[in-house]
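Input: a single structure, listed below in structure tokens.
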There are 2 protein chains.
Amino acid sequence: MVRKPTSKETTRKPNMREAILAAAEELFATNGFNAVSVRDIAQAAGANPGSVTYHFKTKDGLLLEIYRRHCGPMNLRRSELLAAAKRVRDLQDRLEAIVRAYVLPAFTSGSDLAGGGARFTRLRAVMSAEGNEVARKIIAQTFDDTSHAFIDAIHDSLPHIPRTDIVWRSHFLLGALYYSLVTPDRVSRLSRGEADGGDPANAIEQLVQATVAAFQAPALDQAAPARRKTVASSKT
Amino acid sequence: MVRKPTSKETTRKPNMREAILAAAEELFATNGFNAVSVRDIAQAAGANPGSVTYHFKTKDGLLLEIYRRHCGPMNLRRSELLAAAKRVRDLQDRLEAIVRAYVLPAFTSGSDLAGGGARFTRLRAVMSAEGNEVARKIIAQTFDDTSHAFIDAIHDSLPHIPRTDIVWRSHFLLGALYYSLVTPDRVSRLSRGEADGGDPANAIEQLVQATVAAFQAPALDQAAPARRKTVASSKT
DNA sequence: ATGTGATTTGTACTATCGTACAAAAGATCA
DNA sequence: TGATCTTTTGTACGATAGTACAAATCACAT
């Protein structure tokens with residue numbers, strides 16, 4: 001009898017489900033949700049359109065599963081890094097460590113599932129921009145806890161800044177983070193090739209430094225109240 | 001015979017073309033390009049689907065016209081404000097004025113066509129995230145000049161910061177700006193109602209203050225070279 | 001009022017969408 | 001091997017997409 005080595009090297013894709021997930025992730029992240037058809041995804045994954053329906057029932061179900069797959073590990077990693085960051089004594093160093101703990105898991109390479117990955121972050125950016133319903137629900141109930149934890153930690157290291165200001169600035173951080181992953185080529189273009197917007201290490205360092213400084217800016221209430229409208233007309 | 005008052009209060013829309021443009025702008029900005037059908041736009045504008053084809057030929061043509069309509073006036077306004085900002089003597093004040101000159105036209109109310117408007121900026125954010133082809137072409141050839149002008153002006157007021165760093169930070173500024181317009185509700189939610197993310201004046205002040213501080217951060221080359229990886233593991 | 005050009009309507013065509021479902025193929029184990 | 005369950009394929013259906021186009025309607029100069 002010819003011994004079949006259980007399940008190895010058949011014509012069958014070893015894990016079609018994963019291939020579909022990966023293909024969908026990439027396509028959604030670069031083109032948006034509605035611009036990508038189930039057939040596009042199937043073709044990119046080397047699968048049959050019907051296979052997508054079989055594994056994920058609907059297109060929304062596919063997106064949902066992508067989120068489920070990443071949210072847990074990513075938040076876990078962030079929590080670990082945050083916990084370590086909070087143990088840093090020096091306040092300046094601690095703030096930087098906290099920001100880095102927030103940024104790093106969002107940037108780590110796409111092939112690394114456990115770390116979250118830039119691809120998933122870019123996906124989140126696109127879904128957020130498109131106002132995707134499925135994404136909005138998951139985000140609100142999955143990331144808000146983490147966001148609060150980070151805001152609290154930052155607030156602890158910057159006690160003299162009102163919480164409101166910290167919320168705004170962390171909001172800006174997320175926007176900058178998203179945008180860096182969405183259009184990294186713009187950095188390369190504007191710097192006339194002197195900087196590589198696609199280099200994660202570079203982006204992280206730039207983002208962390210800029211953000212730390214932004215957090216350390218004086219509070220708005222007491223900041224330059226007489227300097228308002230130095231130049232701009234009062235339109236609004 | 002029933003007298004029809006020549007051309008007053010007829011059933012005909014006074015300017016259907018404008019109505020279609022406005023409706024498309026709003027729908028694209030909130031749902032993305034592909035999620036909105038020509039029929040959706042027509043219905044929102046109180047028009048017939050065929051009317052859209054008549055005025056703009058294709059759906060892409062409609063998007064193109066929206067950009068054409070806004071880019072000119074918005075860049076003009078920015079140039080004016082930038083010119084005024086560059087005349088400010090004090091370097092700190094000048095930097096703030098420059099940033100404000102960049103941010104203000106992007107935020108001014110949507111009904112104000114000449115000023116650009118938040119609606120159009122939100123549209124740009126969404127198109128950028130979706131990687132829309134039409135938008136990308138226009139953006140690159142319309143906004144890059146303005147961006148360079150602002151980067152140069154900022155560099156003049158911060159001579160000790162490398163141009164590369166300034167490019168990165170202005171990139172972050174645009175990302176933060178976009179994100180503030182895309183999901184203002186997130187700010188309200190995270191601040192537990194203490195801040196209104198939808199209030200433009202508030203957003204502008206927060207964004208300007210944070211950004212000015214970010215620009216003023218020490219240059220990356222000389223910034224804390226020994227502090228790297230205080231906490232984070234070296235995954236990448 | 002009437003003819004003319006501009007605009008709006010109504011409708012239809014083709015392509016593609018998400019999804020369903022039966023049949024085929026592969027895997028698993030008695 | 002043959003039965004059974006899981007996965008993949010092929011195909012089809014109804015809905016909706018973008019767009020084209022002829023007919024109807026309007027504004028307006030004559």
Side-chain angles (χ1 to χ4, degrees), chain A residues 1-25 27-28 30-66 127 130 132-135, chain B residues 1-25 27-28 30-66 127 130 132-135:
Chain A
M1 183 207 278
V2 187
R3 174 174 296 276
K4 282 186 294 183
T6 53
S7 63
K8 208 198 307 185
E9 293 187 359
T10 67
T11 47
R12 186 112 156 239
K13 211 68 173 288
N15 202 342
M16 186 62 92
R17 199 184 132 95
E18 295 299 324
I20 294 172
L21 277 170
E25 207 176 296
L27 287 173
F28 286 158
T30 47
N31 302 106
F33 185 75
N34 289 284
V36 177
S37 71
V38 173
R39 287 166 176 83
D40 290 338
I41 296 165
Q43 187 173 19
N48 188 284
S51 211
V52 177
T53 308
Y54 170 73
H55 284 292
F56 308 101
K57 202 61 188 174
T58 67
K59 197 183 171 189
D60 276 354
L62 174 53
L63 181 63
L64 199 72
E65 183 55 30
I66 292 175
M127 293 306 127
E130 287 187 319
N132 186 285
E133 269 294 319
V134 179
Chain B
M1 186 202 276
V2 186
R3 175 174 295 278
K4 281 185 295 184
T6 54
S7 65
K8 208 197 308 181
E9 297 185 353
T10 67
T11 48
R12 184 105 158 244
K13 210 73 171 282
N15 201 343
M16 187 60 91
R17 200 183 132 94
E18 295 299 324
I20 293 171
L21 277 170
E25 206 176 296
L27 287 173
F28 286 157
T30 46
N31 302 105
F33 185 74
N34 289 284
V36 177
S37 72
V38 173
R39 287 167 176 84
D40 290 337
I41 296 165
Q43 187 173 16
N48 188 283
S51 210
V52 177
T53 309
Y54 170 74
H55 283 291
F56 308 100
K57 200 64 188 172
T58 68
K59 198 182 169 188
D60 276 354
L62 174 54
L63 181 63
L64 200 70
E65 183 55 31
I66 292 174
M127 294 305 130
E130 286 187 319
N132 185 285
E133 270 293 319
V134 179

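Here is how names work: the chains are called A, B, and so on, in the same order as the sequence lines, proteins then strands, and each is numbered from 1. Everything numeric here is computed off the predicted structure, so don't read it as measured data.
When all heavy atoms of A:Glu130 and A:Asn34 are compared, the pair lying nearest together is OE2-N, 4.4 Å. Across all non-hydrogen atoms, the minimal contact from B:Leu63 to B:Val134 is CD2-CB, 4.1 Å.
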Pairs: protein N or O with nucleotides 14-18 of chain D N or O, under 3.5 Å:
residue : atom : partner : partner atom : Å
D:dG18  : OP1  : B:Lys59 : NZ           : 2.7
D:dG18  : OP2  : B:Val38 : N            : 2.8
D:dG18  : N7   : B:Arg39 : NH1          : 2.7
D:dG18  : O6   : B:Arg39 : NH2          : 2.8

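Annotation: the span from A:Met16 atom CE to A:His55 atom NE2 amounts to 7.5 Å, rounded to 0.5 Å. To the nearest 0.5 angstrom, A:Glu25 atom CD is 11.0 Å from A:Thr30 atom OG1.
D:dT7 atom P lies 9 Å from atom CZ of A:Arg17, rounded to whole Å. Residue B:Ile20 contributes atom CD1, which lies 12 Å from atom C1' of C:dT9 at whole-angstrom precision. Between A:Leu63 atom CG and C:dT19 atom C1' the separation is 17 Å, expressed in whole Å. In this structure, A:Ile41 places its CD1 atom 12 Å from C1' of C:dC17, rounding to the nearest Å. A:Met16 places its CE atom 12 Å from the C1' atom of C:dG26, with the value rounded to the nearest Å. Whole-Å rounding puts the A:Glu18 CD to D:dT7 P distance at 13 Å. Atom P of nucleotide C:dC17 and atom CG of A:Asp60 are separated by 16 Å, given to the nearest angstrom. Following rounding to the nearest Å, B:Asn15 (CG) and C:dA6 (P) show an atom-to-atom distance of 16 Å.
Cation-pi check for A:Lys59 over A:Phe33 is met; the charged atom lies under 6.0 angstrom from the ring centroid and within 45 degrees of its normal.
Each of A:Pro49 and B:Asn48 lies near DNA chain C, and the nucleotide nearest B:Asn48 is the one positioned closer to the 5' end.
Enclosure of atom CD in A:Gln43 is not indicated, since only 12 or fewer non-hydrogen atoms of other residues, nucleotides or ligands lie within 6.0 angstrom.
If you check D:dT6, C:dA20, C:dT9 against the side chain of A:Tyr54, the one that comes closest is D:dT6.
B:His55 has no side-chain polar atom (N or O) that falls below the 4.0 Å cut-off from OP1 or OP2 of C:dA6.
Looking at B:Asp40 and B:Ser37, their side chains do bring a donor and an acceptor atom within 3.5 Å of each other.
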